[in-house]
Amino acid sequence: MNKVNSNREGTHYLNPYLGGVLMGLLMIATVFISGRELGISGAVKDTVVEAAHVISPAAAKAHPYYGQYIKEGKSPMDTWLVFEVLGVFIGALLSGIIYKRVRKPFVEHGPSISSKKRLVVALIGGILWGFGTRLGRGCTSGAALSGSSTFSFGGVMVMLLIFASAYLFAWLFRKLWT
Amino acid sequence: MGPLFPNGLISGDWNLVIAVFIGIAFGFLLEASGFSSSRNLAGVFYGYNFVVLRVFFTAVIVAMVGLLYFNYFGWLDLSKIFILPTFLPSMIVGGVVMGLGFIIGGFCPGTSFTAIVIGKLDALVFAVGLFIGIFLFAEVFPFIEHFYYSGNLGNVTLTDVTGISASWWAFGFTVIALAAFWASWLIEKKVRKRIKEYKF
């Protein structure tokens with residue numbers, strides 16, 4: 001049971017169409033209850049704003065980007081998205097436990113690259129995502145998935161661009177994955 | 001009736017408690033669908049695993065159609081829900097940058113979080129990158145502020161921009177999704193024959 005790549009184990013996943021239907025129903029419930037939608041990257045932004053605010057409250061308040069998210073008497077992390085993302089960690093852990101996918105820390109990578117290289121490209125990918133989500137007003141969850149589902153023009157645009165761009169660059173980075 | 005919170009039917013505190021439960025369901029579905037593996041996710045771009053496309057588009061069309069029904073039956077006032085605003089130039093660049101990040105990093109933000117909790121170090125490093133990326137964005141923000149706010153169309157929907165009704169858009173997306181499910185099934189069958197070291 002100690003193989004490096006979980007995929008080789010033939011681990012069990014939910015039927016993708018069932019997963020999709022349940023996720024769609026979850027989005028309807030979210031909109032119905034909260035009037036807003038699922039998201040992820042906004043919570044990371046809230047955390048960065050909080051960090052900036054803790055390190056230097058005055059500088060963060062005066063900052064043109066951080067400043068707009070800092071309100072008197074309220075932590076920048078006291079947001080709906082931060083609570084939701086907290087749940088995402090719990091939910092993923094539950095699923096990981098149920099499907100027996102939780103294991104000792106390891107690096108998953110394609111067959112043609114080393115663990116070290118995987119970590120380097122993961123960091124670069126994360127930085128690009130962090131930057132991109134701020135320009136795109138959300139990530140795959142908040143902009144693409146939720147935005148498209150609520151017929152937002154920008155949401156559909158971002159969804160198409162994320163996928164189109166990844167397909168466009170896929171050939172260049174094929175060594176990472178195949 | 002709905003949306004409940006904007007209509008004052010539940011309090012702000014309850015809204016946050018519910019947010020945790022919504023997150024639990026979201027995280028569970030992402031992980032259970034196999035989104036906690038970068039190799040599963042990247043598969044959609046090389047034709048060996050279309051799980052992303054299947055889950056994503058099924059979710060979008062179910063939500064689209066469902067929201068229209070809720071609106072039609074008067075259960076939900078769609079004019080009171082949040083519509084992601086559109087800022088053309090910055091969101092176009094943002095989308096392209098995220099796509100590049102996807103193919104290099106193998107995760108998107110939410111999927112990386114689900115991978116962290118099942119022990120994937122590459123996901124943890126990716127998430128560290130997210131924080132760095134947002135910090136860098138804030139650092140250069142004064143120089144790109146004008147670009148960031150340019151081309152503001154407001155909180156516009158597909159219908160606002162095109163004049164085509166939401167029902168037709170939902171129908172169109174459904175047809176495209178079904179065609180994509182069928183096409184991806186054919187492609188996947190072909191590509192999987194020549195992929196090594198990967199169990200499906």
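Lettering of chains follows the sequences in order, A, B, ..., and the numbering in each one begins at 1.
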CZ on B/F102 to OH on A/Y167, rounded to 0.5 Å: 10.0 Å

Within residues 38-51 of chain A, residues adjacent to chain B where the heavy-atom gap is under 4.5 Å: A/L38, A/I40, A/S41, A/V44, A/K45, A/T47, A/V48

Intermediate values then yes/no, ring pair (Phe, Tyr, Trp, His ring centres under 6.0 Å), B/F181 and A/Y17: CA-CA 10 Å; B/F181 295 154; A/Y17 300 110; 5.0 Å; yes

Flag, side chain of A/S152 to backbone of B/L84, donor-acceptor distance under 3.5 Å: yes

Geometric class of the B/F137/A/F131 ring pair [parallel <30°, tilted 30-60°, perpendicular >60°]: perpendicular

Heavy-atom pair count under 4.5 Å with chain A, highest-scoring of B/G66, B/A166, B/A25: B/A166

Proximity breakdown for A/N15 and chain B, heavy-atom pairs closer than 4.5 Å: neither

Interatomic distance, B/I164 atom CD1 to A/F151 atom CZ [nearest 0.5 angstrom]: 12.5 Å

Rounded distance (nearest 0.5 Å) linking atom CE of A/M157 with atom CG of B/L153: 8.0 Å

Atom pair CE (A/M27) and CG (B/L67), whose distance is rounded to the nearest 0.5 Å: 8.0 Å

Part of B/L100 within contact of chain A (heavy atom distance under 4.5 Å): both

Distance-minimising heavy-atom pair for A/R101 and B/S36: NE-OG, 4.5 Å

CE-OG distance between B/M98 and A/S165, expressed to the nearest 0.5 angstrom: 9.5 Å

Closest-packed option against chain A by number of heavy-atom pairs under 4.5 Å, given B/V97, B/L53, B/N7, B/I144: B/V97

Side chain, backbone, both or neither of A/S115 within contact of chain B (heavy atoms, under 4.5 Å): neither

Residue part contacting chain A, namely of B/A170, when any heavy atom lies under 4.5 Å: both

Smallest separation among heavy atoms of B/F126 and A/G125, with atom names: CE1-C, 3.7 Å

Modelled atom types, side-chain donor and acceptor of B/T86 and A/R137, under 3.5 Å: no

Which portion of B/F21 sits near chain A, non-hydrogen atoms under 4.5 angstrom: neither

Mutual orientation of the aromatic rings belonging to B/F28 and A/Y99 [parallel < 30°, tilted 30-60°, perpendicular > 60°]: tilted

Contact class of A/L26 relative to chain B, heavy atoms under 4.5 angstrom: side chain

Contacting moiety of A/L172, where chain B heavy atoms sit under 4.5 Å: neither

Backbone N/O of B/G106 and side chain of A/W177: donor-acceptor pair under 3.5 Å: no

Heavy-atom closest contact (B/S37 atom, A/Y13 atom, distance): CB-OH, 4.3 Å

Aromatic ring pairing A/F163/B/F56, orientation class (parallel under 30°, perpendicular over 60°, tilted between): perpendicular

Backbone of B/G105 reached by a side-chain donor or acceptor of A/R118 within 3.5 Å: yes

Hydrophobic cluster identity match, B/L136 and A/I124, side-chain contacts under 4.5 Å: yes

Which of A/I97, A/I90, A/L123, A/V158 touches chain B most, by non-hydrogen pairs under 4.5 Å: A/L123

Between NE2 on residue A/H109 and NZ on residue B/K120, distance to nearest 0.5 Å: 11.5 Å

Heavy-atom pair count under 4.5 Å with chain A, highest-scoring of B/F173, B/F107, B/F147: B/F107

Engaged part of B/V17 at the chain A interface, taking heavy atoms whose separation is under 4.5 Å: neither

Contact summary for B/A59 and A/L145, nearest pair of heavy atoms: CB-CD1, 4.1 Å

Atom group of A/L176 that falls short of 4.5 Å from chain B, counting heavy atoms: side chain

Top of B/L9, B/V44, B/D160 for chain A proximity - count of heavy-atom pairs under 4.5 angstrom: B/V44

Side chain / backbone / both / neither for A/A144 at chain B, heavy atoms under 4.5 Å: both

Taking every non-hydrogen atom, the tightest pair across B/N15 and A/S34: OD1-OG, 2.7 Å

Best-contacting candidate, B/L68, B/L130, B/D77, B/L124, against chain A by heavy atom pairs under 4.5 angstrom: B/L130

Option that, when pairs with chain B are counted at under 4.5 Å, heavy atom only, ranks first among A/L18, A/L86, A/V21: A/V21

Residue, of B/V62, B/V161, B/I103, that accumulates the most heavy atom pairs under 4.5 Å with chain A: B/I103

Mutual orientation of the aromatic rings belonging to A/F89 and B/F113 [parallel < 30°, tilted 30-60°, perpendicular > 60°]: parallel

Which atoms of A/V121 approach chain B - backbone, side chain, both or neither, heavy atom under 4.5 Å: both

Portion of B/I92 that has a non-hydrogen atom of chain A nearer than 4.5 angstrom: both

Contact class of B/F70 relative to chain A, heavy atoms under 4.5 angstrom: side chain

